[in-house]
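Right, I'll just put the structure down here and ask away after.
No experiment lies behind these values; they were computed from the predicted model shown. We use all heavy atoms of the structure for the numbers below, so side chains are in, but hydrogens, waters and symmetry mates are not.
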Amino acid sequence: MKKIVSSIILLLSFISAPAQTYIWKNGEVIFELRNEMIDSITFRDPLENFRFSVAENKQVYFSPGNLQYYDVDYEWRFASKQYEVLGYQNINRLYDENDYVIRGIDLFGWGTSGWGTDWELGLEPTMTSTDSRDYYVCDDWRNGLVGKYSCYDWGVENEIVGYGKGWRTLSSDEWNYLISVRPSATSLFALATVVGQKGLIILPDNWKQPSGISFTPSVNSGMTYQTGFYIDESFSKNHFEDNIYDAAQWKAMERKGAVFLPAAGRRYGDRSIENYGTSSNDWGIYWSTTAGAEEREGNVCGLAFHPSQVVPMQETKRAYGCSVRLVKDF
C-alpha cells in the first residue's frame, strides 16, 4: 500500500496541469490537486462509503440530491446540492408556438417513472391528474413499486445523468427502520435549516461529528417517540431552528456523510404547491414504494415531516406530487 501511495505522489509531482485537477467517482470528488502543490492534496470519501441501515443486515447509500426531471431534454438528474428544490417551477410552465414544455420538476405523482410492464404503459413523470385512481399500478391499488412492478420506481430503469441506472426508492418499512429502529436511530436524525432551506438531516451509521460543528437530534429538543412517529406535543417550537448551518458548515457535515432532505411541500395538480415556503408550516413528503389502504382511496406511504413532527410511515394520496430521494444497495 505504501508503495502504491508513493507512486501516486511521485506521479503527481511531475504533472503539468491547470491550477486545479480533479478525479471524480459517482459524481463526487475523491481526489483533488490544487495549484500543483502536494501539501494541498485532499482525499474525499465517495458516496458509497457512507452507509445507512434500512433493515437488519441491509444497508444503502443515498443519492447526492433529490430527483429531478427536465421535460425539454427528457433527462433525469439529481439536484446539484442537497438543499436545492425547484419549488414553484413545478407548476410554472413555458409556452412555445405548439404546446407547453416544463422546465424542470422535482415533485412527482406516485409511480411516475415513465416505465411500465409488458401489459400496461408507464405513468408519465409530468402527470398532474388529481384522481388517485390514475396512479394505480396496473389498475390495482394494492400493487407497490416492487417485484414485477419495480419499473414504476423512478430509479430502477431510468438513466440518471452522470450516475447511471440501478437506483431505487426505499419502502415504507425501510424508512421506518432508518428513522426509528436501527441502532442509535434517535440520535441520527434531526430537523434543521441548511443554507436557508428547511428539512430533515439523516446521519450514517458510522457518524463522526465534524470538529467545531454542533448537531442536536430532535429527540434532544422536545420531540418524543409515540407509536409510529415523533412529535413535540406542545407545537410551540419550530424544530427546523434546532440546527442551522451555513454553506461552509454544511459542507463539513456533508463530507462526513450527512444526508439532507429538503422540505419541498407537495404539489396538487398543476395549480398549487401546498405547505412550502411558509414561515412555520413547511412540510417534506418523500415517497416510498409501499401501497397503503384501500379505504383511504388507495393511499400510499412515505416519510413526512414538519416543524413539530417526523412520521416515517405517513399515508398520503398518490395523486399528490411529492419528493423522491433515491438510494443504492450495498
query = For the atom pair NZ (Lys148) and OG1 (Thr117), what is the distance rounded to the nearest 0.5 Å?
reply = 8.5 Å
request  = For Tyr245, enumerate each residue passing the ring-ring contact (aromatic ring centres under 6.0 Å, His included) test, keeping only those at least two apart in sequence or located in another chain.
outcome  = none
task = Can you sort out the partners of Thr169 under side-chain hydrogen bond (donor to acceptor under 3.5 Å, both in side chains), two or more places apart, ordered by chain and number?
result = Asp153
task = If the plane angle is over 60° it's perpendicular, under 30° parallel, otherwise tilted; pick one for Trp154 and Phe108.
result = tilted
query = What residues form a salt bridge (Lys or Arg N to Asp or Glu O under 4.0 Å) with Arg142, not counting sequence neighbours?
reply = Asp140
request  = Check Val156, Val137, Thr289 against Val146 for a side chain to side chain contact (heavy atoms under 4.5 Å, CB included) and give me the one that passes.
outcome  = Thr289
key: Asp71-Thr126 side chain donor-acceptor pair, cut-off 3.5 Å   = no
key: Polar side-chain atom of Asn90 near backbone of Leu107 as donor-acceptor pair, under 3.5 Å   = yes
ask   = Near Tyr225 OH, under 6.0 Å, is it more than 12 heavy atoms from other residues, nucleotides or ligands?
value = yes
query = Are the ring centres of Tyr276 and Tyr88 closer than 6.0 Å?
reply = yes
Note, Arg318 side chain near Trp141 side chain (heavy atom, < 4.5 Å) = yes
message = Can you tell me how far apart CG (Leu123) and OG (Ser113) are? Round to the nearest 0.5 Å.
response = 7.0 Å
inquiry  = A quick test of your reading: do over 12 heavy atoms of other residues, nucleotides or ligands sit less than 6.0 Å from CH2 of Trp207?
reply    = yes
ask   = Any side-chain donor paired with an acceptor under 3.5 Å for Asn275 and His306?
value = no
task = Test salt bridge (Lys or Arg N to Asp or Glu O under 4.0 Å) on Lys237 and Asp232 and set out the steps.
result = CA-CA 8 Å; Lys237 185 177 181 181; Asp232 183 344; over 6 Å; no
query = Which residues satisfy the side-chain hydrogen bond (donor to acceptor under 3.5 Å, both in side chains) test with Asn143, sequence neighbours excluded?
reply = none
inquiry  = Working to the nearest 0.5 angstrom, can you tell me the gap between Met223 CE and Phe305 CZ?
reply    = 11.0 Å
inquiry  = Donor-acceptor check, side chain of Glu157 to backbone of Cys151, threshold 3.5 angstrom: yes or no?
reply    = no
remark   = So OG1 of Thr316 and CD1 of Ile285: to nearest 0.5 Å the spacing works out to 5.0 Å
ask   = Nearest 0.5 Å, what's the CD-NE2 distance between Gln309 and His239?
value = 10.5 Å
Residues 184-195, side-chain donor-acceptor partners within the protein, below 3.5 Å, at least two apart:
| unit_1 | atom_1 | unit_2 | atom_2 | d |
| --- | --- | --- | --- | --- |
| Ser187 | OG | Ser184 | O | 2.9 |
| Thr193 | OG1 | Phe240 | O | 2.8 |

ask   = For Gln82 and Arg325, does a side-chain donor sit closer than 3.5 Å to a side-chain acceptor?
value = yes
message = I'd like to know whether CD of Glu56 has more than 12 heavy-atom contacts from other residues, nucleotides or ligands below 6.0 angstrom.
response = no
ask   = Considering all heavy atoms of both residues, which atom of Pro125 and which atom of Tyr69 are nearest to each other, and what is their separation?
value = CB-CD2, 3.8 Å
remark   = Here the pair of heavy atoms bringing Asn243 nearest to Ser214 is OD1-O, 4.4 Å
inquiry  = Using 30° and 60° as the class boundaries, would you call the ring planes of Trp167 and Phe78 parallel, tilted or perpendicular?
reply    = perpendicular
query = Does the ring centre of Phe52 sit less than 6.0 Å away from the ring centre of Tyr61?
reply = no
query = Take atom CZ in Phe330; do more than 12 heavy atoms of anything else shown fall under 6.0 Å from it?
reply = yes
query = Can you list the residues that meet the side-chain hydrogen bond (donor to acceptor under 3.5 Å, both in side chains) rule with Arg267, with sequence neighbours excluded?
reply = none
inquiry  = Return the CG to CH2 distance between Leu170 and Trp287, rounded to the nearest 0.5 Å.
reply    = 14.5 Å
